[in-house]
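Residue numbers start from 1 in every chain, and the chains themselves are labelled A, B, ... in the order their sequence lines are given, proteins ahead of strands. Side chains included, hydrogens not; waters and symmetry mates left out as well; all remaining heavy atoms used.
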There are 2 protein chains.
Amino acid sequence: MIDNDGDPGQVRPAAVTVDLVILTVRHDELHVLLVERGKEPHLGRLALPGGHVRENETLDQAALRELEEETGVNGHLLHLEQVHTYGDPGRDPRGRVITVAYLALGPDLPVPVAGSDAQGARWAPVESVLDGQMELAFDHSTILRESLERARSQLEYTTVAAAFCPEPFTVSDLRKVYEVVWGFPLDPSNFRRKVTRAERFLEPTGEFRAPQIGRPAALYRRGEARLLFPPLLRSGDVADAQFTATTLR
Amino acid sequence: MIDNDGDPGQVRPAAVTVDLVILTVRHDELHVLLVERGKEPHLGRLALPGGHVRENETLDQAALRELEEETGVNGHLLHLEQVHTYGDPGRDPRGRVITVAYLALGPDLPVPVAGSDAQGARWAPVESVLDGQMELAFDHSTILRESLERARSQLEYTTVAAAFCPEPFTVSDLRKVYEVVWGFPLDPSNFRRKVTRAERFLEPTGEFRAPQIGRPAALYRRGEARLLFPPLLRSGDVADAQFTATTLR
DNA sequence: TTACTAAAGGTCTCCTTGACTTTAACTAGT
DNA sequence: ACTAGTTAAAGTCAAGGAGACCTTTAGTAA
């Protein structure tokens, strides 16, 4: 609200950008799309893809446009949602920049297209970024960490995991997603029971796919449900993380 | 990220504000704090309290400051969290305004202080705003609706409900919060069993409070837990709402 | 055929949940 | 002082979900 002001000297307009945390599963590992910065500040550093919000577009449209520019994929095919907004005064040395972070989840996407305006876009294993080895530009490490946690909890209560799987997919494909994103193995039998019982999560195609070896697996498409009931909880692990996440800055 | 630009003509800085959805329970009804606008546009209309983010403060700090200005309450005593950011090009006729919405939950707060810069701040029953009778300024009806839904689901997975209760409080006080926010009654016995079993949700004081009539109730304080495990699910009701919420704009 | 592998389904026990009942502690009215 | 009324708190019970584990099925490779 641009109201009850009184301090016109204290407020100054800011640049508004969107940053994208684009996650995918490749080779049984969670990857994030990063671009190499082609200019100062942080020249040469890796960063999340993103860019300015244009004059006549909504934030969601800006995120969708950037997503398509960076991946070459029609953004409507991926899951895309706003996560959090970052606006610390010091986060960009050039001035006040507010960035709205979006989380995008998709199946094993093509290697980033040339021709995008991103310098050398590439997939990086999320683990290698978060274990402190690689520091991203600006506050992008924080954005990635917090968005990943959002993704992890989204898997508990929603059906977004299916967004990672190219259709049609098997129950094992879906389980792999959960295991890779959460970072620990699940019991195949119990997992199957839960996801197949959940209403409108999976829609059987009637077809089968033979793996390299072993019994052929039934194929499914994404159902209409967006919320998962009952949810697929991570149980005890939650209790550990809860003191690290919830403080204001 | 203020990067990969190329279109300096297409980007223009925007005003950045925070808007607050301050909820409280009074007289067994959910209320939201609204202010009457003292200038155009939407002069005289009711709106969410909020204001500009200043030069050297974070978004969280701005929200905290506005919260204290509007309620006169030390914001650190309330639950405050960022919810969503709204930035449609047309949402403010004066130009591009990006607003970061914050959700604040607190116990029955004092009637809004005079001396704040808000013209006639007041508590309004949430229901009366959302049933379409009263249209708020700008897109504030949308912000309120979406923030309320966030609050409702927060009650399922976190311990924020206790933020509505002035300490010390009884299990019935807490149940009332759930009933008022969710909008339907809960079984007192089963509710008690769940919240008292959840680890570190409630911390008994050992004291009791006698109601007007009936058996005295044990008193509790908020425990340290921020996440609620196991969660307190709304069950079936979730399935209904799920198709209305999750689309990009 | 046999060995191996992954998918799919079943078993069993424990725990949570929801619906409901019972007991406890207090107040107000007669 | 007894009874009715009211809220808190605890208990009961059947149904269902979850975790751990086993069995069967349907394919491939030697």
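- No option in B:Leu103, B:Val180, B:Leu78 other than B:Leu103 meets the side chain to side chain contact (heavy atoms under 4.5 Å, CB included) test with B:Leu23.
- Separating the CZ atom of A:Arg209 from the P atom of C:dA8 is a distance of 11 Å, rounded to the nearest angstrom.
- One atom, CG of A:Leu202, and another, P of C:dA8, lie 11 Å apart when rounded to the nearest Å.
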Distances for protein N or O near nucleotides 27-30 of chain D N or O, under 3.5 Å:
none

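- In this view, B:Ala198 and B:Phe201, B:Leu228 satisfy the side-chain contact (heavy atoms from CB on, under 4.5 Å) rule, not counting sequence neighbours.
- For C:dA6, neither phosphate oxygen OP1 nor OP2 lies less than 4.0 angstrom from any side-chain nitrogen or oxygen of A:Ser172.
- No donor-acceptor pair under 3.5 Å is formed between the side chain of B:Trp182 and the backbone N or O of B:Arg234.
- Here the P atom of nucleotide D:dA8 and the CZ atom of B:Phe191 are 12 Å apart, to the nearest Å.
- Using modelled atom types and a 3.5 Å distance limit, the side chains of A:Asp19 and A:Tyr86 yield no donor-acceptor pair.
- The backbone N or O of A:Gly75 lies less than 3.5 Å from a partner atom in the side chain of A:Glu68, making a donor-acceptor pair.
- One atom, CG of B:Leu228, and another, C1' of C:dT17, lie 15 Å apart when rounded to the nearest Å.
- Judged purely by distance below 3.5 Å, without hydrogens or angles, the side chains of A:Gln82 and B:His84 pair a donor atom with an acceptor atom.
- Between A:Tyr157 and B:Tyr157, the gap from one ring centroid to the other is short of 6.0 Å.
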- prompt: Between B:Asp173 and B:Arg209, does a salt bridge (charged side-chain N to carboxylate O under 4.0 Å, His left out) hold up when you go through it step by step?
  reply: CA-CA 11 Å; B:Asp173 293 338; B:Arg209 173 196 296 158; 3.1 Å; yes
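- Side-chain contact check for A:Tyr178 and A:Glu156: no donor-acceptor pair (N or O, by modelled atom type) lies under 3.5 Å.
- One atom, CZ of A:Phe208, and another, P of C:dA7, lie 13 Å apart when rounded to the nearest Å.
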- line: With sugar-phosphate taken as primed atoms, P, OP1 and OP2 and all else as base, the protein-contact string of nucleotides 13-23 of chain D at under 4.0 Å (heavy atoms; B, S, -) is ----SBBBB--
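- Atom-to-atom, CG of B:Leu186 to C1' of D:dA9 comes out at 17 Å; the value is rounded to the nearest Å.
- Separating the CG atom of B:Leu174 from the P atom of D:dA9 is a distance of 12 Å, rounded to the nearest angstrom.
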